[in-house]
Engineer: 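Take a look at this one; I'll ask things after.
The structure displayed is predicted, hence computed values, not measured ones. In each ligand, atom 1 is the first atom listed, and ligand 1 is the first ligand listed.
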Amino acid sequence: MKVFADNIPNLPWQEKPADAIGPVWRYSENPVIDRNPLPGVTRIFNSAVLPWEDGFIGVFRGEQTNGVPHIYLGRSKDGIHWEYEPEKIPFVNEKGEPFMPRYAYDPRLVKVEDTYYIIWCTDFYGAALGMAKTKDFKHFVRLENPFLPFNRNGVLFPRKLNGNFALLSRPSDSGHTPFGDVFISESPDLTFWGKHRHVMTRGYNQWWQALKIGGGAAPIETEEGWLLFYHGVTGTCNGYVYSMGACILDHEEPSKVRYRSENFILTPEKWYEERGFVPNVVFPVSALCDAETGRIAIYYGAADSYVGMAFTTVDEIVSYVKANHTDNADDAEIGVM
Ligand code: BMA
């Protein structure tokens, strides 16, 4: 299947093991980031990666020893073993003055044209989306916060659609948000956002995503549409459980869902997903695709304590999502009322 993306010949990769269940398989050496990864940071998880120079670069959610999350920069030759900058990313405003968020978590990293964008959850009188840009990973200029509070899980598309930037988001509340659907908004300049559309609803009849969903990795452009890995949450008597889902959004009108898997494609099963600061969390944030081979490497947060990797191919995941498609409420509609 054709993929409209770059080739990443050095993409981390492991073949599908014979005993794999489902279309996505874990890296055998998980977790790839363990506890206490750098001084003053007790856990790294929910982090995003892109190719950079002859290796990879990433923005990492680092939980400091005082409990406050911030974003750290890391570099890697192979996309698996990382070296981090010791200090948090030094964000500045458009005038070049220091402009640090009070906290920052769940960063996504997306390249659009010649610029890299970081979108994270920031404190803007409550949880909201923060955004910054860089071209060299030395200067990080914060942009206007895209939306009012409360919002999380901002996922930028890797190219403009009809001349506009496109951003998925998940309106939230000030706490742990026991509800939530994914929306899309457009902007000509990353300052003024509008043309808001509903993309997809939490699962109607799939209990693993019955409570809330949120965009995960930047969508991958395929000939079938935009392949999106996302998280879906269910509530249990012992708290939330986060699993990974996959869907394909319409190429021209991504507020319409074309196919959406009824089943999760990864759910907490391994010790590093089930046991940690927050148990039972699989939280996809980044998916790199090598256009030539169709190989995909997914980075996900595990139990709010570790980073895990998982693999699939475009052919395998797209056929799985199509074969297991289920209609959810008005997912197929354009999403205006
Ligand atoms: C969400 C976010 C994520 C976290 C998840 C599970 O609300 O805060 O960062 O991984 O909860 O704790």
Engineer: Checking side-chain polar atoms at under 3.5 Å, does N328 have a donor or acceptor matched by the opposite partner on T201?
Structural biologist: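 The criterion, which ignores hydrogens and geometry beyond distance, is not satisfied for T201 and N328.
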Engineer: Where's the contact between N46 and ligand 1, heavy-atom distance under 4.0 Å: side chain, backbone, both or neither?
Structural biologist: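 Just the side chain.
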Engineer: In ligand 1, which numbered atoms sit nearer than 4.0 Å to a non-hydrogen atom of V278?
Structural biologist: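 Answer for ligand 1: 12 (O).
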Engineer: What do we get for R152 next to ligand 1 when only non-hydrogen atoms under 4.0 Å count, side chain, backbone, both or neither?
Structural biologist: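 Within the 4.0 Å criterion, R152 makes no contact with ligand 1.
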Engineer: Please walk me through it: do E224 and H251 pass side chain to side chain donor-acceptor pair (under 3.5 Å)?
Structural biologist: CA-CA 7 Å; E224 285 283 3; H251 211 158; over 6 Å; no
Engineer: If we ignore angles and hydrogens, is there a donor and acceptor under 3.5 Å between the side chains of Y306 and R43?
Structural biologist: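 The criterion, which ignores hydrogens and geometry beyond distance, is not satisfied for R43 and Y306.
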Engineer: Taking R260 as the fixed residue, which of Q209, H325, Q206 is the one that meets the side-chain hydrogen bond (donor to acceptor under 3.5 Å, both in side chains) rule?
Structural biologist: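 Only one option passes, and that is Q209.
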Engineer: Can you pull out the closest protein heavy atom to atom 10 (O) of ligand 1? Residue, atom name and distance to 0.1 Å, please.
Structural biologist: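 Atom 10 (O) of ligand 1 sits closest to the protein heavy atom D304 OD1, 2.6 Å.
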Engineer: Which residue owns the protein heavy atom closest to atom 8 (O) of ligand 1, what's the atom, and how far is it?
Structural biologist: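 Nearest protein contact, heavy atoms only, for atom 8 (O) of ligand 1 is Y105 CE1, 3.9 Å.
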Engineer: Among protein heavy atoms, which lies nearest atom 2 (C) of ligand 1, and at what distance?
Structural biologist: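 For atom 2 (C) of ligand 1, the nearest protein heavy atom is D106 OD2, 3.5 Å.
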Engineer: Between ligand 1 and K212, is the shortest N or O to N or O distance under 3.5 Å?
Structural biologist: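 No.
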Engineer: Against the six-membered ring of F45, is R61 placed for a cation-pi contact (under 6.0 Å from the centre, within 45° of the normal)?
Structural biologist: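 No, R61 and F45 do not form such a contact.
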Engineer: If you compare all heavy atoms of Q14 against all heavy atoms of Y27, which two are closest, and at what distance to 0.1 Å?
Structural biologist: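 That would be OE1-CD1, 3.2 Å.
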Engineer: Do Y242 and ligand 1 have an N or O pair less than 3.5 Å apart?
Structural biologist: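 The answer is yes, given that Y242 and ligand 1 share an N or O pair closer than 3.5 Å.
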